[in-house]
Structure formats: C-alpha cells, structure tokens
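All values reported here derive from a predicted model rather than from experimental measurement.
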Amino acid sequence: MQRNHLVTAAALGLAIAASHASANTVLRASHQFPGGQGDVRDEMVQMMAEEVANADVGLEIEVYPGQSLFKAREQWGALARGRLDITSLPLDYASGRHPEFSATLMPGLVRNHEHAQRLNDSEYMDMIKDVIQEGGARVLADAWLSGGFASSEQCITSPDTVDGQVFRAAGPAFEEMLEAAGASIASMPSSEIYTAMQTGVLDAANTSSMSFVSYRLYEQVECLTEPGDFALWFMYEPILISEQVWQDLNDEQQAALMDAGEKAEAFFAEEAAAIDQQMVDVYEENGVEVVKMTEEDYNAWLEIARETSYKNFAENVPNGQAIIDAALAVE
C-alpha cells in the first residue's frame, strides 16, 4: 500500500514538473551564421537564450543557426508577420521592403567602432528604429560590424581596382558605388559567397570581418583588404524580436529579454574591434595577402558614393536626406 502511495506521489511530481515545463513560452530565434563556431552574432543570441532561461520567467529561447529554420532573406518577412520570434539580421537585407534600412550599410557613414557606439544613441538611430517598429519588429540589441573587401583576382584598394570584377556588395548603397567604379554585381547573402566564389560566379566580395572568418572565405581568395584606419564598410546587424510576439509577453518576460539584450550588446561591444584583428591573423596564416586602403583611396571611394548611393538615397527614400544628415551630425 505504501509502495503504491510512493509511486503515485512520484508520478504526481513528474506530472507537475512536466506541467511547469510545458507552461514555458518558447521563442524561436533564427539566424544565418554558423552555430557553435565562434561567430559573435551566434554567441550573442546564445547568450540571450541562457540569460532568459536563468531569469526564470517562464520563457525559453530555442536557437536555430545556419539558416536551419529560415533562409537569410526570409527572416525579416517572417519576423514582421509573427511567424518568426527572434532573429540576428543584417538589417540592410530588408531594404527591399524598407529602403530606409540602406542607411545602415552606407559607404563611409560609420568611421570606426567608437563612432558606431555613438550612433546607437543618436537621432539617426531613433529614425531607423521607428521604421523597424513600424515594420513589425523591435530591437533587443545593437551591433555594428566592420568589414572589408576580398578578391580572387587582385587587391581592392582604389576604385579602379574593381573594374571588370563580379562583386557581391551586400546592399544597394555599395552596389551603386561599385557599379559606378566598373564592377558587375551579383546579389546574395553572405552565406552564399563561398559557393559563388568556388564556382566562379563571383570574383570579389565585401562582407563583415566576422563573416570573412566564419564562412572560411580565405579558402577562395588571394587578397583581403582589411578595415584599417579607413573602414569604408560598416553594417548594422541587430537582434530583433517580432512586435506581435513582444506584445504577447508579460512584463517580467519583456524585462528579462531587454536585460539579456543589454548583456549581449555589451559583450559584442567588447569583442567588436578584436574581430578585425582575428580576421587579419586568420587570412595571413592561410597565405592570403592582406592590404589596407590609404586615405587617398578612401576619399576616392567616398566621392563616388556621394554621387551615387548618397544622392540616390536622398532623392528616392522617404526622409532619406534627413536620415543621412542625422548620421553625419554624430561626431
């Protein structure tokens, strides 16, 4: 009799535990970057998942790296419609839906990592985040990644060095600038660059320093242009949550997510500058030539950008000139 009582009690305990587990709200986080291989964007999302679990507010984040849940270009649409809960996303990937987002990958707009941090707390970023929220999402953590250029043909420095090369440029602003310098453009997410270079579809690409490492592009290129003192390429890659999903969470869960986002953002800020040097070290170790742009090279590119991407953005994007002016106002 006592044994039956013990069995019943044990079964009841398991049922209660199962009930508590099933009571957790589970959020799915998707991103395109390699999982578990040291990519800082994956590590930010994984950190948030751990922090939220530790907060014990009935919330759980399941992380799906490497496009295992949604393809890179599908994530914004899924997020905006509430089909995806959380993503780490290069925001310019959604500029087809919201052209204002091209201002988050505008040549020469961000000068260095410190400048990027100042932009996070500026009127410029307020304007971008208004568009994000109107589009159906909100930011949990800011992240700006610097990047460079790489080619299997020749080193990319001055504008004339891209002439005749087929280039992956990441977004409309860089595409317009590179086309004006004589490059042909093939658009694709960073996760597809390796195969495109391997099969001869691409001669050259620009992407973030982290993607240059985590996608092992050193296996396909002969020369890398590092950000150096004249970084032309910076891209905003925040962690976002669907606004529909956010509104269904209780106050404790929202607070836990915001706290986790702050910790992930602080972690990224400490890692950001080191990523550039990591890229240089990995490429040199693999026999890739590494070069830098000079100030003269940088200014030549910026002159082309002002006549192409900056001008087109100001003329064709709602509030475009105001967004650029707000960014340029941040010293």
Side-chain angles (χ1 to χ4, degrees), residues 41 44 76 79-80 87-147 169-178 180 206 208 227 229-241 243 246 258 261-262 264-266 268-269 272-273 295 298-331:
R41 294 158 296 192
M44 287 177 73
W76 172 265
L79 194 78
T87 187
S88 171
L89 179 75
L91 191 65
D92 192 62
Y93 283 13
S95 60
R97 296 171 184 260
H98 302 282
E100 297 92 338
F101 293 165
S102 285
T104 64
L105 183 60
M106 188 70 70
L109 198 64
V110 183
R111 294 189 294 275
N112 51 51
H113 292 287
E114 291 75 17
H115 187 218
Q117 291 297 309
R118 294 193 294 275
L119 281 171
N120 285 340
D121 299 315
S122 69
E123 181 187 1
Y124 156 81
M125 187 54 74
D126 290 341
M127 296 168 81
I128 296 297
K129 288 183 177 179
D130 284 345
V131 179
I132 291 172
Q133 192 144 5
E134 289 167 7
R138 68 170 57 211
V139 175
L140 295 175
D142 295 314
W144 286 92
L145 280 88
S146 58
F174 268 85
E175 289 176 354
E176 290 161 1
M177 180 188 72
L178 286 162
N206 59 11
S208 70
D229 296 326
F230 301 100
L232 196 65
W233 197 101
F234 264 84
M235 189 176 203
Y236 182 56
E237 303 190 21
I239 297 176
L240 305 170
I241 186 170
E243 184 65 20
W246 174 264
M258 293 305 295
E262 288 178 8
E265 185 176 320
F268 172 80
E295 186 173 8
Y298 175 86
N299 287 334
W301 279 115
L302 208 53
E303 185 176 343
I304 295 173
R306 289 186 181 118
E307 292 302 312
T308 55
S309 49
Y310 278 60
K311 183 178 180 181
N312 292 338
F313 186 84
E315 291 177 352
N316 299 316
V317 176
N319 221 20
Q321 188 62 59
I323 293 173
I324 289 175
D325 290 344
L328 294 174
V330 180
E331 294 297 327

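Contact annotation: the side chain of F101 approaches that of I132 to within less than 4.5 Å [non-hydrogen atoms, C-beta and beyond]. Using a 4.5 Å heavy-atom threshold, the side chains of W76 and H98 count as touching. No side-chain heavy atom of L140 sits less than 4.5 Å from a side-chain heavy atom of P238. Contact check for V139 versus I239: no side-chain heavy atoms found under the 4.5 Å cut-off. In this structure, the side chains of M127 and N319 come closer than 4.5 Å at one or more pairs of heavy atoms. Side chains of Y310 and I324 form a contact here, defined as non-hydrogen atoms less than 4.5 Å apart. Residues Y298 and E303 fail the side-chain proximity criterion, which asks for heavy atoms closer than 4.5 Å. Using a 4.5 Å cut-off on side-chain heavy atoms (C-beta onward), E243 and Q133 make contact.
Considering every non-hydrogen atom in both A103 and Y124, the closest pair reads O-OH, 2.7 Å. Here the closest non-hydrogen pair linking M125 and L119 is CB-O, 3.2 Å. Of all heavy-atom pairs between A314 and Q321, the closest is CB-OE1, 3.0 Å. Closest approach of A80 to G135, counting heavy atoms only: CB-O, 3.3 Å. Residues E176 and S309 approach most closely at OE1-CA, 3.1 Å, considering heavy atoms. Of all heavy-atom pairs spanning R111 and E331, the tightest one is NH2-C, 3.1 Å.
To the nearest 0.5 Å, atom CE of residue M235 and atom CE of residue M106 are 12.0 Å apart. Separation of atoms OG (S95) and CD (E100) is listed at 10.0 Å; rounding is to 0.5 Å. For the atom pair CD1 (I304) and CG (N299), the distance works out to 11.5 Å, reported to the nearest 0.5 Å. M177 CE to L302 CG: the interatomic distance, rounded to the nearest 0.5 Å, is 9.0 Å. Here the CZ atom belonging to F313 is positioned 9.0 Å from the CG atom belonging to L109, to the nearest 0.5 angstrom. In this structure, K311 NZ and N316 CG are separated by 10.5 Å, a value rounded to the nearest 0.5 Å.
Ring-centre distance between F230 and W301: not below the 6.0 Å cut-off. The six-membered or imidazole ring of W144 lies away from that of H115, with a centre-to-centre distance of 6.0 Å or more.
Applying the side-chain hydrogen bond (donor to acceptor under 3.5 Å, both in side chains) test to D229 and every residue at least two apart in sequence or in another chain returns nothing. With sequence neighbours excluded, the residues that form a salt bridge (charged side-chain N to carboxylate O under 4.0 Å, His left out) with K129 are D142.
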Q: Begin with the C-alpha distance, continue with both residues' side-chain angles, and end with the deciding distance and a verdict on side-chain contact (heavy atoms from CB on, under 4.5 Å) for L91 and L240.
A: CA-CA 10 Å; L91 191 65; L240 305 170; 4.2 Å; yes
(Q) D92 vs S102, test: side chain to side chain donor-acceptor pair (under 3.5 Å). Steps then yes/no. (A) CA-CA 5 Å; D92 192 62; S102 285; 3.3 Å; yes
Q | side-chain contact (heavy atoms from CB on, under 4.5 Å) between N206 and L232, intermediate numbers included | A | CA-CA 10 Å; N206 59 11; L232 196 65; over 6 Å; no
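Relative ring orientation between W233 and F174 is described as tilted, the plane-to-plane angle lying within the 30° to 60° band.
Of the possible polar contacts, none joining the R41 side chain to the S88 backbone as a donor-acceptor pair under 3.5 Å is found.
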